Amino acid sequence: MNRGLRFSLEDHEETLRLALEDGGSFRLYPRGSSMRPLLREGIDSVILEAPIQPFARGEILLVRTHTPTPAYLLHRVIAHNGATLILRGDNNLRNERLKDGWTALARVRPICREERRIP
């Protein structure tokens, strides 16, 4: 179980971007329940890599929305058409339709469960 310090992605987004440059990766322990049962807070982690377009349906992305205060989503791609990206958490009933004002920061490659990597 992850017992490390919690931090805000907003405070460390530049670190994330630098880590992903030139093929690097970044390990993230996601919070929340929107991706249950696949991702369990405090147990599972994900390895993030730079996003590659076009985004594949079913791929899990880390996306920042450009609202007055940034919001971060780690959800599955339902569809991508031009400037519109449709995401949904596995435990959510509704889609997140992002039209303008979003940035794909990373994609999940792979999931880590008790130090085992799951592609």
Side-chain angles (χ1 to χ4, degrees):
M1 176 183 257
N2 174 32
R3 297 186 192 277
L5 297 174
R6 290 183 173 225
F7 65 89
S8 163
L9 273 176
E10 185 176 6
D11 294 340
H12 297 282
E13 186 177 325
E14 184 62 24
T15 303
L16 170 67
R17 287 178 186 271
L18 289 172
L20 299 183
E21 283 183 5
D22 300 322
S25 63
F26 187 92
R27 189 169 191 166
L28 178 73
Y29 288 83
R31 296 189 313 212
S33 61
S34 67
M35 287 300 291
R36 285 185 70 94
L38 180 65
L39 298 175
R40 299 163 298 165
E41 182 176 344
I43 299 171
D44 299 323
S45 63
V46 294
I47 305 296
L48 300 175
E49 293 180 352
I52 298 173
Q53 289 198 39
F55 306 125
R57 183 182 166 108
E59 180 174 29
I60 300 172
L61 295 178
L62 175 64
V63 175
R64 177 174 46 92
T65 61
H66 303 276
T67 55
T69 58
Y72 297 88
L73 301 171
L74 187 69
H75 286 170
R76 195 175 298 279
V77 173
I78 302 301
H80 181 221
N81 185 1
T84 301
L85 180 66
I86 302 172
L87 302 171
R88 182 172 55 224
D90 291 357
N91 195 30
N92 292 356
L93 296 176
R94 67 178 182 86
N95 293 339
E96 299 283 344
R97 184 178 298 274
L98 307 176
K99 292 191 178 188
D100 292 321
W102 59 271
T103 302
L105 299 173
R107 66 183 180 149
V108 172
R109 293 276 196 262
I111 295 166
C112 298
R113 180 161 294 140
E114 298 172 357
E115 299 307 318
R116 240 181 6 168
R117 290 184 179 219
I118 302 167

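Here the structure is a predicted model, which is why all the values come from computation and not from measurement.
Here the shortest heavy-atom pairing between H75 and M35 reads CA-SD, 4.0 Å. Contact record, A106 with P51: CA-CD, 3.7 Å, taken as the closest heavy-atom pair. Of all the heavy atoms in P110 and P119, the pair that sits closest is CB-CA, 3.8 Å. Minimum heavy-atom separation, P70 to E10: CD-OE2, 3.4 Å.
Applying the 6.0 Å contact sphere to CZ of R97 captures no more than 12 heavy atoms from other residues, nucleotides or ligands. Atom CD of Q53 has more than 12 heavy atoms from other residues, nucleotides or ligands within 6.0 Å. Open room surrounds CG on N81; 12 or fewer heavy atoms of other groups in view lie less than 6.0 Å from it. Counting heavy atoms of neighbouring residues, nucleotides and ligands inside a 6.0 Å radius, atom CZ of R113 exceeds 12 of them. In R117, the CZ atom is not crowded: 12 or fewer heavy atoms of neighbouring residues, nucleotides or ligands sit closer than 6.0 Å.
Other residues sharing a hydrophobic cluster with I86 under the 4.5 Å side-chain heavy-atom criterion for ILVMFWY residues are I78.
Under the rule for a ring-ring contact (aromatic ring centres under 6.0 Å, His included), the partners of F55 that lie at least two apart in sequence or sit in another chain are H80. Not counting sequence neighbours, the partners of T65 by the side-chain contact (heavy atoms from CB on, under 4.5 Å) test are T67, A71, L73, L98. Partners of R94 under the side-chain contact (heavy atoms from CB on, under 4.5 Å) rule, at least two apart in sequence or in another chain, are E96. For H66, there are no ring-ring contact (aromatic ring centres under 6.0 Å, His included) partners at least two apart in sequence or on another chain.
The shortest side-chain heavy-atom distance between I47 and V108 does not fall under the 4.5 Å cut-off. Between L20 and F26, the closest side-chain pair of non-hydrogen atoms falls below 4.5 Å. Inter-residue side-chain proximity for R107 and L62 is flagged as unmet; no heavy-atom pair is nearer than 4.5 Å. With a 4.5 Å cut-off on side-chain heavy atoms, L16 and L48 count as touching. Considering only heavy atoms from C-beta on, E41 stays 4.5 Å or farther from S33 through its side chain.
Between the side chain of T103 and the backbone N or O of L105, no donor-acceptor pair lies under 3.5 Å. Of the possible donor and acceptor atoms, one in the side chain of W102 sits under 3.5 Å from a partner among the backbone N and O of A83.
With rounding to the nearest 0.5 Å, the separation of OG in S8 from NE2 in H12 is 7.0 Å.
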Run the numbers on V63 and L74 for side chain to side chain contact (heavy atoms under 4.5 Å, CB included), then give the verdict.
-> CA-CA 6 Å; V63 175; L74 187 69; over 6 Å; no
Where do D90 and R36 land on the salt bridge (charged side-chain N to carboxylate O under 4.0 Å, His left out) test, with the steps shown first?
-> CA-CA 6 Å; D90 291 357; R36 285 185 70 94; over 6 Å; no
Apply the test side chain to side chain contact (heavy atoms under 4.5 Å, CB included) to residues L38 and I111: give CA-CA distance (whole Å), side-chain angles for both, the deciding distance (0.1 Å), then the verdict.
-> CA-CA 9 Å; L38 180 65; I111 295 166; 3.6 Å; yes
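Checked options L39, D44, I60; the residue passing with P30 is L39 (criterion: side chain to side chain contact (heavy atoms under 4.5 Å, CB included)).
L61 and Y72 end up in different hydrophobic clusters when Ile, Leu, Val, Met, Phe, Trp and Tyr side chains are linked at under 4.5 Å.
Listed by first and then second residue, the salt bridge (Lys or Arg N to Asp or Glu O under 4.0 Å) pairs involving residues 63-75 are E13-R64 (not counting sequence neighbours).
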